[in-house]
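The structure appears right after this line, and notes come after that.
Residue numbers start from 1 in every chain, and the chains themselves are labelled A, B, ... in the order their sequence lines are given, proteins ahead of strands. Both backbone and side-chain heavy atoms feed into the values below; hydrogens, waters and symmetry mates do not.
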Amino acid sequence: MKKILPFIFFGSTNFSIYVLKEILKKYKPLLVVTLPAKRKERGLKLKPNEVYNFALKEKLPVIELKEWEDFKKEINLVKPLMGLIAGFGKIIPKEIIELFPKGILNIHPSLLPKYRGPSPIQQTILNGEKYSGITIILIDELVDHGPIIAQEAIELKGNEDYLKLEEILGKLGGFKFNQIIEDYLEGKIEPTKQDHSKATYTKKINFEDGYLNINDDYEIWQRKIRALNPEPGTYIYINLKGEKKLLKIFKIEKIDEKLIDEKTKKLNIGEFFKFKNYLAIKIKDAFVLILELQLQDRKKMNSKEFLNGYPLETFSINPY
RNA sequence: CGCGGGGUGGUGGAGUAGGACCACGCGGGUCUCAUAAGCCCGAGACGCCGGUGCAAAUCCGGCCCCCGCAA
C-alpha cells in the first residue's frame, strides 16, 4: 500500500515523470505542481503539459503554478512538511522555501557540484564523461547550490543518448529518494555542504550547439548527436540546387578504413560519397556513414531513400 | 491568426496548363560458376472538396495532413 508522504512534488519535464513514477511505487505526494501549458511550437498552439496529464492519469491532485502569491494559499491548505523538485524549470523564491518546515529537496541529474544549471545531462554526454549520477540536495536561494542529502553515481557505457540517460537518471533519482526520505524526515541525515570551488555550470542548449563541423573529430560528432537529439537536433548545411538547406543528422557510424577503396581515400574533408548505397562524408579524422537524416522541410528518412531522390551529384557541403 | 517549406506509383524525388518523368523497391524474363551485379519487359501515383479553362499535378477558393525555424 502506498504511503502518503506530506510533500509537494514540483516538476514539468519528462525527467520529472520518471522520478515521480519511481516514487509512486512507494509513496504518494500531497500535491503535484507543474508549470502552466505554454503556447509553443508551430502555430503557437497550446501544448499539453506532460506532467499534468501524468498526474491526472495517476489520480494525483495537481495544479499549475501561475502566481507565487496564489501558491502560498495552496500551501496553507495542503500543509506540506517538505517539497521535492525534479526538473521543474523555475527558481523557487526564498519566501516560498521558508514555508516548508523540512525545506525543499531537489533531485539534480548530475554529480554536484559538477554540472549545475539547466543542461546537466546534455553536457555530461558532450564532455564524454565516464560517470554520471544524481544528487539530492536541500535547496537554498542559489541554483543547485544547497547542501547534499544523498548522491548516487553510475558508470556510463559511452553510447547513451539524451533520452536514455534522462530515463536512467530519473529512475535512479526516484529510487534514491525512496531509499533516504524517511531517514531524512526523521533527522537522521546531516546535509553536507557542496565543495563550491569545484562547481561547474551548464548553460541552456540552443540551436547553434547542434551544428556539426566537418573540421571536428568523429568523437565530437557522435557525442553531439547523442546529446542533442531530439532537441534541438544536430545538423550540417548543404547546397542543393543552388540553395542552402539544413540537413539534420540523427544516426552515424564510423566506417572502418580497411573497407574504403583507394579512390575514396583521396577525398577532401567535406566531400560526400556513397557507401553500401548509404550517404557518407569525409570529415576531419574519419569517414562517416550517415544512416538517418532529415532534409529541411521534409520527413526523417534513411540516407538510402534520400539518395533516391537526391543523387550524389545534386548537392555538396556548405561549410557555414 | 509568429515565419517558412511541402503533400505525385510501395519509398525518395522531378514536373507552374495540352503525351505524367527519374532513382530505389516489387513481379516476370534473360545473362553469369555466382551475386544486394548487368540487361530486357511489366504492374503501380498527382491529399480532399469546389471553381475558372476546350484542356488543371500545374491557376483560384476552402478543408485535412506532414515538416524546418522561431518562441
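Per the geometry, CG belonging to A:Leu307 stands 12 Å off C1' belonging to B:G13, to the nearest Å. Between A:Lys276 atom NZ and B:C24 atom P there is a gap of 19 Å when expressed in whole angstrom units. Here B:C67 presents its C1' atom at 11 Å from NZ of A:Lys245, a figure rounded to the nearest Å. Look at OH on A:Tyr310: it is 9 Å from C1' on B:A14, rounded to the nearest Å. B:G13 atom P lies 9 Å from atom CZ of A:Phe306, rounded to whole Å. The nearest whole Å value for the distance from the CG atom in A:Asn302 to the C1' atom in B:G10 is 14 Å. For the pair A:Tyr278 OH and B:G12 C1', the interatomic distance rounds to 13 Å; values are reported in whole Å. Atoms CG (A:Asn308) and C1' (B:G9) sit 14 Å apart, rounded to a whole Å.
B:G38: glycosidic angle beyond 90° from 0, hence anti.
Here the separation of B:C66 from B:C60, taken at their C1' atoms, is 24 Å to the nearest Å. Taking atom C1' in both B:C26 and B:G61, one finds a spacing of 40 Å when rounded to whole Å. As rounded to the nearest Å, B:C24 and B:G44 have C1' atoms that lie 15 Å from one another. Annotation: B:C21 and B:G9 have their P atoms spaced 14 Å apart (nearest Å). Nucleotides B:U30 and B:C67 place their C1' atoms 44 Å apart, quoted to the nearest Å. When the P atom is used for both B:A70 and B:G12, the distance is 25 Å, rounded to whole Å. The gap from the C1' atom of B:A23 to that of B:A36 amounts to 16 Å, rounded to the nearest Å. Atom P of B:G28 sits at a distance of 15 Å from the matching atom of B:A43, rounded to the whole Å.
The stretch residues 269-304 of chain A participates, sequence neighbours left out, in these ring pair (Phe, Tyr, Trp, His ring centres under 6.0 Å) pairs: A:Phe272-A:Phe315, A:Phe273-A:Phe287. Within the structure, ring pair (Phe, Tyr, Trp, His ring centres under 6.0 Å) pairs that include any residue of residues 101-122 of chain A do not occur (at least two apart or interchain).
With a 4.5 Å cut-off on side-chain heavy atoms, A:Asp297 and A:Lys245 count as touching. Counting heavy atoms from C-beta outward, A:Tyr162 and A:Arg226 have side chains that stay 4.5 Å or more apart. A:Leu65 has its side chain within reach of A:Lys90: a pair of non-hydrogen atoms, C-beta onward, lies under 4.5 Å apart.
Taking the six-membered ring where tryptophan is involved, the planes of A:Tyr235 and A:Phe207 are essentially parallel, since the angle between them stays under 30° and well short of 60°.
The partner of B:G61 is B:C49, judged by Watson-Crick or G-U wobble contacts that both fall below 3.5 Å. For B:G42, the paired base is B:C26 (Watson-Crick or G-U wobble, both distances below 3.5 Å). Nucleotide B:C69: paired with B:G2 (Watson-Crick or G-U wobble, both distances less than 3.5 Å). Across all strands shown, B:U16 has no partner, as no Watson-Crick or G-U wobble contact with both distances under 3.5 Å is found.
For the pair A:Lys299 and A:Gly309, both in contact range of RNA chain B, the more 5′-proximal nearest nucleotide belongs to A:Gly309.
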Polar pairs (N or O, both sides) under 3.5 Å between protein and nucleotides 68-71 of chain B?
from	atom 1	to	atom 2	distance (Å)
B:G68	OP2	A:Arg42	NH2	3.2
B:G68	O4'	A:Asp297	N	3.3
B:G68	N7	A:Arg42	NE	3.4
B:G68	O6	A:Arg42	NE	3.3
B:C69	OP1	A:Lys248	NZ	3.1
B:A71	N1	A:Glu41	N	3.1

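A cation-pi contact links A:Lys300 to A:Phe250, judged by a cut-off of 6.0 Å to the six-membered ring centre and 45° from its axis. Geometrically, A:Lys3 does not engage A:Tyr27 in a cation-pi contact defined by less than 6.0 Å to the ring centre and at most 45° from the axis.
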